[in-house]
Amino acid sequence: MIACITRPIINLVARPDVMGADRLDSVDGAIIFAANHSSHLDTSVLFTALPDHVRKRVVVAARSDYFFDKYWKAFLWSLWINTVPIDREKVSRKTIRMVSDLIDEGWHLVIYPEATRGDDDFIEPFRPGAAYLATHTNAVVIPTHIDGARRIYPPYMRRLRPGRTRVTFGRPLRAEADEKSRDFNTRIERAVAAAADEGRTDWWSARRRAATGTTPSLGAPPGLEGWRRTWAAGSFRKRDRSNAWPL
């Protein structure tokens, strides 16, 4: 439902530039899209960026304590973007069973490992839900970076500020044999950072930095608090001007 109603709006106000969509064509089976999260616009932008054959079979993991705390909200969001309830504090057996059944039926899953929108442009540490689900379902993880949505629709704002967005799909990942969820989670977080680097620079330079372990982190530098973090977040945002709305 979201595609037919919001896609024209997203193309008008957010104009997503899509990179790495060809990587989805090589995936055989279910996909878990592990994406950064900074705005309630993220899901709409991501859905708009997905190829038609993938978008038709996608469900979105949504916080059960927020999107499913009332019957009417659960009905609305499930109808709007195919949400399924996920506990952001832990992954229960019931959740694993539900997601496993959906994956077996050929559905893909969008999940935000940060579990919430951060207070600034730095990403929050990833929680291992996506990694845990992937290791228990054998689904392929596509690290996904969404850039620009926060500038268009920041948290707690009621109006859109037109701009540009970019969605970069990273290289497919699979959990290795006997790899622990926390280790796979670390790889996913680094892969999302590499996808962001590729979107902001170019494929070759990003791959070289990923190979040498010098990919720029998307998280806040350790120890930053208060005004120092706010100032650093502003500098972090300014390092990529390619999404500025044309004057």
Side-chain angles (χ1 to χ4, degrees), residues 14 16-17 19-20 32-46 49 60-63 66 86 88-89 110-131 141-157 160-161 163-171 173 181-202 205-206 209-210 212-245:
D17 180 22
M19 302 181 66
I32 295 178
F33 294 93
N36 63 302
H37 191 31
S38 63
S39 168
H40 278 323
L41 198 65
D42 288 331
T43 302
S44 299
V45 171
L46 178 55
V60 181
R63 287 169 43 191
Y66 180 83
I86 296 288
R88 63 174 175 171
E89 297 299 332
V110 173
I111 189 169
Y112 299 109
E114 293 172 85
T116 187
R117 297 165 298 164
D119 295 327
D120 49 43
D121 288 278
F122 294 120
I123 69 167
E124 298 296 317
F126 278 16
R127 302 186 185 188
V141 174
I142 296 291
T144 305
H145 185 256
I146 305 168
D147 192 27
R150 188 184 187 92
R151 291 189 290 272
I152 296 173
Y153 192 41
Y156 313 113
M157 291 291 287
L160 300 175
R161 299 182 297 187
R164 289 179 177 173
T165 56
R166 179 174 55 241
V167 178
T168 307
F169 298 108
R171 301 173 68 184
L173 300 177
S181 296
R182 64 174 178 268
D183 297 326
F184 190 30
N185 182 58
T186 299
R187 285 207 293 133
I188 292 172
E189 186 169 350
R190 290 174 178 169
V192 172
D197 190 26
E198 180 179 332
R200 290 169 173 165
T201 57
D202 61 83
S205 299
R209 282 187 286 271
T212 57
T214 57
T215 299
S217 172
L218 297 178
L224 282 186
E225 299 292 342
W227 69 266
R228 290 182 177 85
R229 175 164 173 147
T230 302
W231 180 84
S235 300
F236 176 82
R237 181 174 61 252
K238 291 176 183 177
R239 77 183 187 186
D240 177 24
R241 289 294 191 180
S242 63
N243 286 336
W245 185 252

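In what follows, every heavy atom counts, from backbone to side chain, and hydrogens, waters and symmetry copies are set aside.
- Counting heavy atoms from C-beta outward, I152 and S39 have side chains that stay 4.5 Å or more apart.
- A pairwise comparison of heavy atoms in A149 and T165 identifies N-CG2, 3.8 Å as the closest pair.
- Considering all non-hydrogen atoms of both residues, I146 and A35 come closest at CD1-CB, 4.1 Å.
- The CG atom of D42 sits 11.0 Å away from the OG1 atom of T144 when rounded to the nearest 0.5 Å.
- Annotation: side-chain contact (heavy atoms from CB on, under 4.5 Å) contacts of T212 (sequence neighbours excluded): T214.
- Taken to the nearest 0.5 Å, the CD1 atom of I111 stands 13.0 Å off from the CZ atom of F33.
- Summarising the geometry of P16 relative to V45, their closest heavy-atom pair is CB-CG1, 4.2 Å, with the distance given to 0.1 Å.
- Applying the side-chain contact (heavy atoms from CB on, under 4.5 Å) criterion to A34, with sequence neighbours excluded, gives P113, A130, V141, I188.
- Taking both residues in full, the closest heavy atoms of D197 and T201 are given as O-OG1, 2.5 Å, listed atom of the first, atom of the second, then distance.
- In this view, S205 and D202 satisfy the side chain to side chain donor-acceptor pair (under 3.5 Å) rule, not counting sequence neighbours.
- When all heavy atoms of R150 and R161 are compared, the pair lying nearest together is O-NH2, 4.4 Å.
- The pair R166-D17 does not meet the salt-bridge criterion, since no charged nitrogen lies less than 4.0 angstrom from a carboxylate oxygen.
- Under a 3.5 Å cut-off, the side chain of E124 and the backbone N or O of E114 do not form any donor-acceptor pair.
- Rounding to the nearest 0.5 Å places NE2 of H145 at 12.0 Å from CE of M19.
- Checked against side-chain contact (heavy atoms from CB on, under 4.5 Å), N185 has the following partners two or more places apart in sequence or in another chain: F126, P128, A131.
- Every residue two or more places apart in sequence or in another chain that forms a side-chain contact (heavy atoms from CB on, under 4.5 Å) with A49 is listed here: V18, V167, F169.
- Each salt bridge (charged side-chain N to carboxylate O under 4.0 Å, His left out) pair with one or both residues in residues 184-195, not counting sequence neighbours, appears once here: E179-R187.
- A pairwise comparison of heavy atoms in A191 and L173 identifies CB-CD1, 3.7 Å as the closest pair.
- Looking at S38, its side chain never comes within 3.5 Å of a backbone N or O of N36 through a donor-acceptor pair.
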